[in-house]
Protein chains: 2
Amino acid sequence: MVLTLSVKKGRTAMSAAQETSGGEMQPWSEVTPDAARRLLVAAVEAFAERGYHATTTRDIAGRAGMSPAALYIHYKTKEELLHRISRIGHDKALDIVRSAAEGEGTAAERLSDAVRSFVRWHAGQHTTARVVQYELDALGPEARAEIIALRRQVDAEVRSIIQDGVEAGDFDVPDVPGTTLAVLSLCIDVARWFNVDGPRTPDEVGALYADLVRRMVGFKE
Amino acid sequence: MVLTLSVKKGRTAMSAAQETSGGEMQPWSEVTPDAARRLLVAAVEAFAERGYHATTTRDIAGRAGMSPAALYIHYKTKEELLHRISRIGHDKALDIVRSAAEGEGTAAERLSDAVRSFVRWHAGQHTTARVVQYELDALGPEARAEIIALRRQVDAEVRSIIQDGVEAGDFDVPDVPGTTLAVLSLCIDVARWFNVDGPRTPDEVGALYADLVRRMVGFKE
DNA sequence: GAAGGCGCTAAGCGCTCGCTCAGGTTCGGG
DNA sequence: CCCGAACCTGAGCGAGCGCTTAGCGCCTTC
């Protein structure tokens with residue numbers, strides 16, 4: 001049996017996203033109808049707190065103010081929820097890096113922009129990012145493969161900026177793939193340790209990390 | 001009811017560890033008797049592959065070649081298994097960092113040593129490290145608090161090396177706690193992405209990361 | 001070679017999980 | 001005013017979970 005899903009599959013990623021006064025995208029605005037979005041937001045919170053496997057469908061439905069059965073009107077399985085979250089989150093992450101990579105400016109400026117905004121997202125949306133970056137293994141093989149492909153695109157964008165800097169003679173990087181890996185690893189891990197009650201704002205972490213990465217690539221003033 | 005556990009609790013962490021010809025410690029040699037160790041090793045593998053919550057006690061026992069009930073002769077609960085793994089692993093990690101921190105040499109040399117050996121452990125023992133670093137949330141409050149205390153000691157060791165370098169005028173670090181956090185985050189995340197079939201050996205990753213961290217602290221030749 | 005107990009297994013208990021399904025409620029269109 | 005579709009709930013199914021218990025075989029001890 002095939003259920004009709006209310007979340008529109010063909011919708012281009014961020015086209016319907018609404019902007020707030022702060023300029024940030026209102027997250028999940030592309031998920032409709034309202035009940036499906038509430039369930040998804042509840043799932044993000046629950047997965048981030050307890051992890052995918054420790055979260056029950058009853059918990060998700062409860063947070064969304066619905067009965068356990070309501071979940072299965074909008075999503076085929078619990079795994080589909082994780083898949084949608086992961087897909088939308090990775091689309092957003094790739095979008096962020098790509099914007100910086102395709103921007104104007106020197107390699108150093110583009111790398112700083114990329115790291116700053118990537119880190120800001122991982123800190124500011126650390127609830128989402130934690131699910132997106134650390135619950136990948138809970139997906140089935142096809143879904144995981146799809147997400148891994150997106151990750152490789154993120155990696156390629158960052159590597160190409162660093163490569164540009166090396167070729168322009170601005171950076172000193174003996175091992176470009178290795179350094180790319182390290183830079184991304186550093187940024188992604190922000191989602192694991194970032195704490196809203198901690199001493200640093202997402203902006204401050206972004207600035208700190210942009211500086212650290214500038215040093216890692218041996219940028220010459 | 002209180003079961004008598006066969007794993008001796010009072011044993012000092014690494015005192016009974018046996019060295020192999022390679023100079024590496026034989027992991028888990030301090031866990032006795034043999035059946036308890038086999039169960040623990042099986043649990044490490046299973047937790048690393050699937051995560052704590054997705055691993056069943058039947059799976060652990062099966063990997064150790066025993067019936068599900070055998071697990072409860074040696075461990076009170078599944079969580080106690082994770083606790084022991086986490087405790088021993090963190091003891092080892094702290095030991096590694098502390099050895100480097102207390103060594104002779106300049107701050108730059110000690111920092112490089114610490115990062116190199118810390119990373120080498122996270123890569124070489126990435127199965128263990130993954131459990132130790134990423135399954136912390138599955139522990140109960142008291143056990144988690146104990147582990148977090150160990151982590152703070154690791155953080156303190158690294159911060160003190162960096163602080164030494166700053167005070168000696170060797171390093172240029174505007175934000176010592178932030179940089180310490182970033183360095184540790186970078187090293188720990190190795191456990192997440194390291195792949196035995198990948199292009200890099202643990203030694204190579206250690207060398208690469210020691211160099212990257214040297215740059216992050218602005219070491220002046 | 002009988003006694004005692006340690007380490008283990010077979011069987012299964014009580015529970016909660018992901019998920020299903022029949023039926024009730026709401027609401028726009030004819 | 002009624003129909004059909006969309007949405008949601010209450011009740012619960014089968015499965016698999018963590019963990020327990022009764023008892024068996026095999027070592028050690030005398």
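The analysis underlying the following values was restricted to heavy atoms, covering all of them including side chains, and did not include hydrogens, waters or symmetry mates. Chain A is the first sequence line, chain B the second, and so forth, proteins listed ahead of strands; every chain is numbered from 1.
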Discussion item. The criterion is side chain to side chain contact (heavy atoms under 4.5 Å, CB included); which residues satisfy it with B:V119, sequence neighbours excluded?
Written reply: B:V115, B:C187, B:V190, B:V205, B:Y209
Name every donor-acceptor pair, under 3.5 Å, that has one atom in a side chain of residues 135-145 of chain A and the other anywhere in the protein, sequence neighbours excluded.
unit_1	atom_1	unit_2	atom_2	d
A:E135	OE1	A:Y52	N	3.3
A:R144	NH1	A:D137	O	3.4
A:R144	NH1	A:L139	O	2.7

Worksheet item: Which residues pass the side chain to side chain contact (heavy atoms under 4.5 Å, CB included) test with A:R50, sequence neighbours left out?
Response: A:A54, A:T55, A:D59, A:R63
Discussion item. Nearest whole Å is fine: how far is C:dC17 P from A:L71 CG?
Written reply: 14 Å
Worksheet item: Between atom NE2 in A:H74 and atom P in D:dC7, what is the gap in whole Å?
Response: 6 Å
Worksheet item: Rounded to whole angstroms, how far apart are CZ on B:R37 and C1' on C:dG7?
Response: 16 Å
Worksheet, complete the sentence: Walking DNA chain C from its 5' end, the first of B:R38 and A:T77 to be reached, judged by nearest nucleotide, is B:R38
Discussion item. Between B:H83 and B:E146, is there a side-chain donor-acceptor contact under 3.5 Å, judged purely by atom types and distance?
Written reply: yes
Discussion item. Restricting to salt bridge (charged side-chain N to carboxylate O under 4.0 Å, His left out), what partner residues turn up for A:D113, sequence neighbours left out?
Written reply: A:R116
Discussion item. I'd like to check the salt bridge (charged side-chain N to carboxylate O under 4.0 Å, His left out) partners of B:R130; sequence neighbours left out, ordered by chain and number.
Written reply: none
Response to the item:
Output for pair (A:L111 CG, A:T180 OG1), nearest 0.5 Å, gives 9.0 Å
Fill in: Nearest-angstrom distance from the residue atom OH of B:Y75 to C1' of C:dC8
16 Å
Discussion item. Going by salt bridge (charged side-chain N to carboxylate O under 4.0 Å, His left out), name the residues that satisfy it together with B:R159, two or more places apart in sequence or in a different chain.
Written reply: B:D155
Worksheet item: Does A:A101 have any side chain to side chain contact (heavy atoms under 4.5 Å, CB included) partners at least two apart in sequence or in another chain, and if so, which?
Response: A:E157, A:I161
Worksheet entry | Length of the OH-P vector between B:Y72 and D:dG18, whole Å | 6 Å
Discussion item. Please report the end-to-end axis angle for the helix from C:dG1-D:dC30 to C:dG30-D:dC1, five pairs per end, rounded to 10 degrees.
Written reply: 0°
Item to complete: Starting from C1' on C:dG5, measure out to CD1 on B:I73 and report it in whole angstrom.
Response: 13 Å
Worksheet, complete the sentence: Note: contacts of residues 41-54 of chain A with DNA chain D (heavy atom, under 4.0 Å) are none
Worksheet entry | Separation of atom NZ in B:K78 from atom C1' in C:dT16, rounded to whole Å | 13 Å
Discussion item. Just to be sure I understand the geometry, which residues of residues 56-66 of chain B put a non-hydrogen atom under 4.0 Å away from DNA chain D?
Written reply: B:T56, B:T57, B:R58
Fill in: side chain to side chain contact (heavy atoms under 4.5 Å, CB included) against B:V41, all qualifying residues, sequence neighbours excluded
B:W28, B:R37, B:E45
Worksheet, complete the sentence: Atom CG of A:L81 and atom P of C:dG18 are separated, to the nearest Å, by 11 Å
Item to complete: For residues 183-205 of chain B, pull every pair meeting salt bridge (charged side-chain N to carboxylate O under 4.0 Å, His left out), keeping only residues two or more places apart or in separate chains.
Response: A:D175-B:R200, B:R120-B:D203, B:D189-B:R192
